[in-house]
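First the structure, in the form of structure tokens, and then the observations on it.
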Amino acid sequence: MKTCQCCGLGIEEDKDVISCFKYKTLSNCQEEKTNCLYFIEKIIEDGESLPPIQHLILVEQELGKRKMKVSINNGLRL
């Protein structure tokens, strides 16, 4: 289930409140985020989660790759 609590961009503010590093919003930690374009599972290295900025960079790189594929494909149409 995609929730802010499971997202690498979520920063725990309070017991049940998560702040989104990307959108700078507050939400319930159990709120479903199935349509969030920037959702990324937390990546653990050496027993610790990567910082939110690194998660954001990874998501933006992936989104950039998708955009590039679409623009290349559109250019090849006959």
Side-chain angles (χ1 to χ4, degrees):
M1 178 160 67
K2 292 183 177 182
T3 63
C4 292
Q5 188 174 26
C6 300
C7 181
L9 300 177
I11 302 168
E12 259 187 79
E13 293 290 327
D14 208 358
K15 183 179 178 184
D16 290 332
V17 178
I18 301 289
S19 171
C20 179
F21 185 78
K22 168 66 179 169
Y23 295 111
K24 309 293 188 243
T25 57
L26 296 175
S27 65
N28 181 323
C29 65
Q30 297 302 319
E31 189 174 331
E32 183 70 26
K33 294 293 185 176
T34 53
N35 295 328
C36 182
L37 187 62
Y38 282 85
F39 178 85
I40 182 172
E41 291 283 338
K42 288 184 181 179
I43 299 170
I44 309 295
E45 284 188 0
D46 299 328
E48 291 188 23
S49 178
L50 292 178
I53 186 69
Q54 288 181 314
H55 282 98
L56 180 60
I57 291 168
L58 292 171
V59 170
E60 288 180 341
Q61 285 177 342
E62 185 62 33
L63 291 172
K65 287 180 195 176
R66 289 185 205 164
K67 186 175 182 181
M68 184 66 149
K69 285 179 186 177
V70 169
S71 66
I72 288 172
N73 289 338
N74 286 340
L76 295 176
R77 290 185 182 163
L78 296 174

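Small disclaimer: the values here were computed from a predicted structure and weren't measured.
Taken together through direct or relayed side-chain contacts under 4.5 Å among Ile, Leu, Val, Met, Phe, Trp and Tyr, M1 and F39 form parts of separate hydrophobic clusters. Using a 4.5 Å cut-off between side-chain heavy atoms of Ile, Leu, Val, Met, Phe, Trp and Tyr, with links allowed through other members, V17 and F21 fall into different hydrophobic clusters. No path of Ile, Leu, Val, Met, Phe, Trp and Tyr side chains, each step under 4.5 Å between heavy atoms, connects I44 with L9, placing them in separate hydrophobic clusters.
Every residue two or more places apart in sequence or in another chain that forms a side chain to side chain donor-acceptor pair (under 3.5 Å) with Q30 is listed here: Q5. Applying the ring pair (Phe, Tyr, Trp, His ring centres under 6.0 Å) criterion to Y38, with sequence neighbours excluded, gives Y23.
Side-chain contact between Q61 and L58 is present, with heavy atoms from C-beta onward closer than 4.5 Å. Counting heavy atoms from C-beta on, the side chains of K65 and E60 never come closer than 4.5 Å.
Atom OG1 of T25 sits about 11.0 Å away from atom CD1 of I18, to the nearest 0.5 Å. Rounding to the nearest 0.5 Å places NZ of K42 at 11.0 Å from CG of L50. Expressed to the nearest 0.5 Å, how far NZ of K33 lies from SG of C20 amounts to 7.5 Å. In this structure, I57 CD1 and I40 CD1 are separated by 10.5 Å, a value rounded to the nearest 0.5 Å. Distance check, rounded to the nearest 0.5 Å: CG of D16 to CG of L26 gives 12.5 Å. Of the inter-residue distances, the one linking K2 atom NZ with C36 atom SG reads 8.0 Å to the nearest 0.5 angstrom.
Smallest separation of non-hydrogen atoms from I11 and P52: CG1-CG, 3.9 Å.
Screening residues 43-57 for side-chain hydrogen bond (donor to acceptor under 3.5 Å, both in side chains), with sequence neighbours left out, gives no hits.
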